[in-house]
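Structure record follows, encoded as structure tokens.
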Amino acid sequence: MSTTTDSRPVVPTTTRPRPSLIHRLGPLPWVAPAAAALLFVFAYSMVELLNQSFRYQGAWVGLENFKLVLADPLFRTAIWHNALLLLAVPVLVAFALAVAILLYETRRGMVAYRAILFLPYILPIPVIGVVFGQLLQLNGAFNGALDGLGLGGLTQDWLGNPRLALWTMAAVIIWKEVGFGIVLFLARMLSLPEDVYEAAKLDGASTFRSHLHITIPQMKGLVFFYVISEAIVMVSWVFNYAYVMTNGQGGPGTSTVVAELYIYRTAFQDGAPELASASAVLLFLSTLVLIVGFFRVQRAQGGTFGD
């Protein structure tokens with residue numbers, strides 16, 4: 001009876017070490033402290049804001065503060081002004097898109113032009129408010145320039161006329177915000193394949209038709225993102241303009257009172273922090289509706305910001 005022996009070398013088996021807990025958690029331990037601090041600050045502020053909006057001098061009053069705010073004609077006027085400022089958003093989008101296309105087609109000096117057009121966006125809002133508040137006075141430099149050009153008939157009290165003050169402020173906001181849109185759209189255009197435009201030119205398409213049928217459809221998601229961003233600006237980020245350009249009064253009269261300025265005046269000038277909290281909650285909810293609506297539309301389209 002013969003036996004056979006296996007002459008192959010025996011390879012020792014090794015077990016892969018189990019990853020430690022910190023490796024399984026990934027980046028969570030590193031971002032957790034900052035996330036916890038942000039969550040605490042935001043959550044505490046929101047809880048305190050909600051709590052105060054349902055109280056008066058410490059006593060629970062339910063929805064009474066909200067009823068008083070909604071019944072206040074000044075609050076309705078402020079909300080109406082924010083709604084009117086939303087009309088500036090299509091102007092912003094159209095102007096930013098047109099300038100971006102112009103820079104894309106020009107190319108020469110594009111970097112310098114892009115930097116110049118983006119400069120207003122990075123300037124502090126109080127500085128812009130003070131400068132334009134001086135320029136647009138009845139005897140300011142803007143009217144002086146119109147007189148010098150023989151256009152004295154166009155001079156107006158741009159900030160002193162109740163019919164013009166809100167639109168003057170909207171024009172200043174457009175001047176500041178349009179640079180962001182120009183840089184955003186131009187960056188997307190430069191990432192598009194040029195052979196598509198060359199093929200369109202070979203087919204006889206004009207520059208206008210090429211951008212209308214190629215550029216804009218490719219930037220649909222990005223344009224929508226810019227629309228929502230600027231809509232949020234017009235709803236809840238215009239306090240500095242209204243406060244600085246009107247010395248905190250929202251004048252002349254109530255012609256430039258917006259929701260944020262109403263909250264400020266209610267809390268600090270009228271001494272009614274509970275009503276200010278209720279109006280702040282209403283403003284937050286309106287902004288939240290815009291944000292949620294944006295993400296719902298993006299999810300329904302199945303696109304991203306750059307699409």
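Starting from 1, each residue takes its place in the sequence as its number. Note that this is a predicted model, so its numbers are computed, not measured.
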Quick one: are [X] and [Y] in side-chain contact, heavy atoms under 4.5 Å?
X: I216; Y: K220; answer: no
X: V111; Y: R114; answer: yes
X: L282; Y: V69; answer: yes
X: F42; Y: M46; answer: yes
X: L192; Y: V196; answer: no
X: L117; Y: V178; answer: no

Calculate, to the nearest 0.5 Å, the distance between atoms [atom1] and [atom2] belonging to [X] and [Y] respectively.
X: Y241; Y: L261; atom1: OH; atom2: CG; result: 15.0 Å
X: D147; Y: T155; atom1: CG; atom2: OG1; result: 5.5 Å
X: S277; Y: E48; atom1: OG; atom2: CD; result: 8.0 Å
X: M189; Y: L222; atom1: CE; atom2: CG; result: 9.5 Å
X: L164; Y: M169; atom1: CG; atom2: CE; result: 13.0 Å
X: L186; Y: M110; atom1: CG; atom2: CE; result: 5.5 Å

Would you say [Y] ends up clustered with [X] if hydrophobic residues are merged whenever their side chains have heavy atoms under 4.5 Å apart, either directly or through other cluster members?
X: W80; Y: F239; value: yes
X: L123; Y: Y243; value: yes
X: W175; Y: I173; value: yes
X: F208; Y: I101; value: yes
X: V281; Y: F284; value: yes

Would you tabulate the side-chain donor-acceptor contacts of residues 125-143 under 3.5 Å, counting partners in other chains and residues two or more places apart, or write 'none'?
| residue | atom | partner | partner atom | Å |
| --- | --- | --- | --- | --- |
| N143 | OD1 | Q156 | N | 3.4 |
| N143 | OD1 | W158 | NE1 | 2.9 |
| N143 | ND2 | Q137 | O | 3.3 |
| N143 | ND2 | L138 | O | 3.0 |
| N143 | ND2 | Q156 | O | 2.8 |

For the ring pair F66 and F54, is the centre-to-centre distance below 6.0 Å?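 Centroid distance F66-F54: below 6.0 Å, so yes.
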
Between F40 and Y44, what is the ring plane arrangement, given parallel below 30°, perpendicular above 60°, and tilted in between?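 Taking Y44 first and then F40, their aromatic rings lie parallel (interplane angle under 30°).
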
Students often mix this up, so state it plainly: with edges at 30° and 60°, are the rings of F180 and Y121 parallel, tilted or perpendicular?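 Parallel, since the angle between the ring planes stays under 30°.
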
Go through F225 and L184 one step at a time and tell me if the side chain to side chain contact (heavy atoms under 4.5 Å, CB included) criterion holds. CA-CA 10 Å; F225 165 75; L184 198 67; 4.0 Å; yes

Hey, is OH on Y56 packed in by over 12 heavy atoms from elsewhere, all under 6.0 Å?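 No, OH of Y56 has 12 or fewer neighbouring heavy atoms, counting only those of other groups under 6.0 Å.
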
So does [Y] get a backbone contact from the side chain of [X], meaning a donor-acceptor N/O pair under 3.5 Å?
X: S53; Y: L50; result: yes
X: E274; Y: Q57; result: yes
X: H81; Y: V258; result: no
X: R76; Y: L70; result: yes

With the threshold set at 4.0 Å, does a side-chain nitrogen-carboxylate oxygen contact exist between K201 and E198?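 Here K201 does not pair with E198 in a salt bridge, since their nearest N and O are not under 4.0 Å apart.
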
Not counting sequence neighbours, list each pair that qualifies as a side chain to side chain donor-acceptor pair (under 3.5 Å) and has a residue in residues 245-272.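 Pairs touching residues 245-272 that pass the test: D72-Y262.
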
Minimal non-hydrogen separation, [X] against [Y], with atom names:
X: P252; Y: G160; result: CG-O, 3.3 Å
X: P120; Y: K176; result: O-CG, 3.3 Å
X: A280; Y: L49; result: CB-CD1, 4.0 Å

With a cut-off of 3.5 Å and sequence neighbours excluded, list every side-chain donor-acceptor pair involving residues 82-100.
| residue | atom | partner | partner atom | Å |
| --- | --- | --- | --- | --- |
| N82 | OD1 | A259 | N | 2.8 |
| N82 | ND2 | M234 | O | 2.8 |
| N82 | ND2 | V235 | O | 3.1 |

